Each structure stands twice: as C-alpha cells, then as structure tokens.
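Written out below as structure tokens is the structure these notes cover.
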Protein chains: 2
Amino acid sequence: MVRKTILIFAALVVALLALFQLSKYSILTGDSSIETIISIIAIIFFIIGVIINKRILHKEKSTTNKIDYKKIEELGLSKREYEVLCTVALGLSNKEIAEKLFVSESTIKTHVSNILIKLDAKRRTQAIQIAKELKIIQS
Amino acid sequence: MVRKTILIFAALVVALLALFQLSKYSILTGDSSIETIISIIAIIFFIIGVIINKRILHKEKSTTNKIDYKKIEELGLSKREYEVLCTVALGLSNKEIAEKLFVSESTIKTHVSNILIKLDAKRRTQAIQIAKELKIIQS
DNA sequence: TTAGGACTCATACTAAAGTATGAAATTGAA
DNA sequence: TTCAATTTCATACTTTAGTATGAGTCCTAA
C-alpha cells in the first residue's frame, strides 16, 4: 500500500528529471518549442493526477464496502448461521428460508434465535441493521 | 454539468498560455531555472487532475446514492407512511415506532399494512429490501 | 476413541407482526 | 365550505417470529 505510493512518486520524480534533460536538449537543438514541452508535461501530469486519485478512491471504496470476515468470526457466527443471516436480510420468511436451504422451519428458527443472541438484536429487522453496520453483510 | 467542464478546460488552457509567457520571460531574464517552471507546471496540473477526477467521481456517487423522491410519490406513499417505513428499516418494532411517533401501536400496524401493499411486500423485511432497491430509503 | 461444536429437528409456548373492518378526527385543496 | 385523502384508533382475528428445552446426528481435533 504505502510502498506502492512511494514507488509511484519515485517514478514521477525520475520522469520529471528526464523531462528536464529533454527540455534542455530540445531548446538547444531547437527541435521543438518550449510550449510543446510544457504542454506535454502538463497533460502527462494531469493524467497522472487523475489516475492516482482514481486508484486511491477505488481503494477506499473497496475497503468501505468490503465484508468484514474477521468480525463474523469474532461474533462466533457459524457458516450456516451466516448463510441464514444473509437470506433473512433478503426479506425471506423462515418458511421460505427453510425451503431454500432444504431444512425444516424449526431449524431456521433455531438458527435465527442464535443469530439474534450473537448480534445482540431483539428482532430480525434489527439484526439486519446491525449486520450492515458491522459490515458483515452487503448493504 | 457539461458547461462547467468546458469552463474548467477553458480556464486550464488560459492558465497554460499564461505559463508559456511566464516561462519565456523567466528564461530571458534568468530569474528562475527552466526546471523550476516545469516542476511548478507539473505539480499544478497534477493537482488539477486530482481535483477534477474527485469532482466527477463525487457527482457519480451522489447520483447513485440519492433517494428517489419521485418513486415515493409514484408508489402513493404518504408522508406518514414513509416516516414509518424509515423507522421500520432501522429495525424498530411496531411498539417502539408508536412510542417514537407518539401514536398507538394499532396506528403503526395500519401504516405498515398499507406500506406492504404499496411496496408489494409480504413482510417488513422484504419491504426494507424493496425500498432499498427502489432507492427510496438509505441503503 | 471420545469430547465438543455444528447442524438438525420437534414440541410447546409466548410475543410480535400482519389482516380485516369500521369509524372518527384532521387537513388541505377546490 | 365541502369533499377527499390522510391520520388516527380500536377490536378481533390469523399468521409469523421468536424462546425454551431436549435430543439425535455428524464431523473433527485432541
């Protein structure tokens, strides 16, 4: 993360120094005008600015919307319980969840009860909210 | 939207032309080295690139996460019903909502029933999901 | 092999959610 | 003012959700 940024900036400095030499050479030989050099530099650094900013924002976005799997473990949610939690968040009833996962409704009730305890929720709607706040399900 | 972008780019071109003149002047008078000029230009355009990119992405984000008030009207949800819908999405029970809005629990039940009909949902959890998909509540 | 965790299921219960119906008060626009 | 929509409330009911308890199965790590 930090190393990448350092590398990118190092590359930028090198590119800049190279451009210095190019500009000097160009002026001396008269191959191209100073305006062209400056324009190219401006465009290049404009593009670099856009790219770097996009990467940073993309990283932020991916980290803010990412599911916190560590949290799931910390809460002690089992694989099946997490599965049920996700279907609950989709708005399914216990009966529908039971059919979807090929188990009985009473099994789902047991799972949901355990989920509520582990998430410290009173209702399934509250569990959904808490799960989203804890970033353990998609918001 | 588009006009703003044109204006910004026009300003950039003007700034660039101004820098041309400055660079020429500086070289002639020997006030500063060509390296300094180029560095400044590079930094300025890098920053401009970052700012423009940030604005564009911010605009995208704000439009994708914005609440669709037209949809709320289309669905025929009344002011109070929408209010109840929001509290339901927070995970509150009918009783808690009643206390929060200073009305009886039966009133909330009536509202919720009407909300379910208007959102074509079978349960409140499903209503929350649908409302989020329709972008009429915060996701 | 065995102890514990995860998953399953059932029964019996309480609590909450949701439906249906009717009705009164309020409000805003024509 | 009057009419329609909104908001409010109640009662009686059905359905779904959630709790408590006990128990059987399966799998895995010690």
Side-chain angles (χ1 to χ4, degrees), chain A residues 67-134 136-137, chain B residues 67-134 136-137:
Chain A
I67 289 171
D68 192 348
Y69 292 104
K70 281 186 183 174
K71 205 89 189 178
I72 298 173
E73 276 192 45
E74 280 176 33
L75 293 166
L77 282 173
S78 74
K79 205 172 178 180
R80 199 59 157 172
E81 284 165 354
Y82 181 68
E83 221 174 337
V84 172
L85 175 60
C86 291
T87 55
V88 166
L90 292 175
L92 302 188
S93 67
N94 290 336
K95 202 176 184 179
E96 288 170 341
I97 297 170
E99 286 168 5
K100 191 172 182 177
L101 301 182
F102 306 107
V103 291
S104 77
E105 195 186 338
S106 69
T107 303
I108 301 301
K109 281 189 177 185
T110 307
H111 285 318
V112 172
S113 278
N114 291 330
I115 291 167
L116 294 183
I117 292 167
K118 288 173 183 179
L119 289 185
D120 194 27
K122 293 176 186 171
R123 286 163 292 283
R124 51 170 62 209
T125 49
Q126 198 183 2
I128 294 169
Q129 261 301 110
I130 292 169
K132 279 172 184 172
E133 277 169 14
L134 296 176
I136 61 176
I137 62 169
Chain B
I67 287 171
D68 191 349
Y69 292 104
K70 281 186 183 175
K71 205 89 187 177
I72 298 172
E73 276 193 44
E74 279 175 33
L75 293 166
L77 281 172
S78 74
K79 205 172 177 180
R80 199 60 156 172
E81 282 165 355
Y82 181 69
E83 221 174 338
V84 172
L85 175 60
C86 292
T87 55
V88 166
L90 291 175
L92 303 188
S93 68
N94 290 336
K95 202 174 183 179
E96 287 170 342
I97 297 170
E99 286 168 5
K100 192 172 183 178
L101 301 183
F102 305 107
V103 291
S104 76
E105 194 186 340
S106 69
T107 301
I108 301 301
K109 282 190 177 186
T110 307
H111 285 318
V112 171
S113 279
N114 291 329
I115 290 167
L116 295 183
I117 292 167
K118 289 174 182 178
L119 289 185
D120 194 28
K122 292 176 186 171
R123 286 161 294 281
R124 51 169 62 209
T125 49
Q126 198 182 2
I128 294 169
Q129 262 300 110
I130 292 170
K132 279 173 183 172
E133 278 170 12
L134 296 177
I136 62 176
I137 61 169

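Keep in mind it's a predicted model, so treat the numbers as computed, not measured. We use all heavy atoms of the structure for the numbers below, so side chains are in, but hydrogens, waters and symmetry mates are not. Numbers restart at 1 for each chain; the letters A, B, ... are given by sequence-line order, proteins then strands.
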Does a donor on one side chain sit under 3.5 Å from an acceptor on the other, for A:Arg124 and A:Asn94? yes

With a cut-off of less than 4.0 Å, is there a side-chain N or O of A:Ser113 near OP1 or OP2 of D:dG18? no

Which whole-number value in Å describes the distance from A:Ile72 CD1 to C:dA6 C1'? 17 Å

Between A:Lys118 and A:Val103, which has a closest nucleotide on DNA chain C that is more 5'? A:Lys118

Phosphate OP1/OP2 of D:dT16: any A:Asn94 side-chain N/O under 4.0 Å: no

In whole angstroms, how far is the C1' atom of C:dG18 from the CD1 atom of B:Ile117? 10 Å

Using whole Å, report how far NZ of A:Lys95 lies from C1' of C:dA17. 16 Å

A:Leu116 CG to D:dA20 C1', in whole Å, measures 14 Å

Could you check B:Lys109 against B:Thr125 and say which one's nearest nucleotide on DNA chain D is further toward the 5' end? B:Lys109

Picking from D:dA17, D:dT7, C:dT8, the nucleotide nearest the side-chain atoms of A:His111 would be C:dT8

When rounded to whole Å, the NZ to C1' distance for the pair A:Lys79 and D:dC27 reads 13 Å

Using a heavy-atom cut-off of 4.0 Å across all strands, would you classify A:Thr107 as base, sugar-phosphate, or nothing? base

On a heavy-atom basis, the closest approach of A:Cys86 and A:Ile137 is SG-CG2, 4.2 Å

Measure from the side chain of A:Val112, starting at C-beta and using heavy atoms only, and say which of D:dG18, C:dC9, C:dC7 lies closest. D:dG18

Want to settle it: does B:Asn114 or B:Glu105 sit nearer the 5' end of DNA chain D, counting the closest nucleotide to each? B:Asn114

Which whole-number value in Å describes the distance from B:Ile115 CD1 to D:dT7 P? 10 Å

Nearest-nucleotide pick for B:Ser104, side chain only, options being D:dT16, D:dC9, D:dT19: D:dC9

Tightest non-hydrogen contact, residues B:Leu85 and B:Ala131, listed as CD2-CB, 4.1 Å

B:Ile108 CD1 to D:dA10 P: how many Å, rounded? 12 Å

Step by step, would you call A:Glu73 with A:Lys70 a salt bridge (Lys or Arg N to Asp or Glu O under 4.0 Å)? CA-CA 5 Å; A:Glu73 276 192 45; A:Lys70 281 186 183 174; over 6 Å; no

Between C:dG28 atom P and B:Arg80 atom CZ, what is the distance in whole Å? 14 Å

Kindly point out which of C:dA6, C:dT11, D:dT16 is positioned nearest to the side chain of A:Ser106? C:dT11

Taking only the side-chain nitrogens and oxygens of B:Arg123, find out if one of them lies under 4.0 Å from OP1 or OP2 of C:dG18. no

A:Asp68 vs A:Leu134, side chain to side chain contact (heavy atoms under 4.5 Å, CB included): CA-CA, chis, key distance, verdict: CA-CA 7 Å; A:Asp68 192 348; A:Leu134 296 176; over 6 Å; no

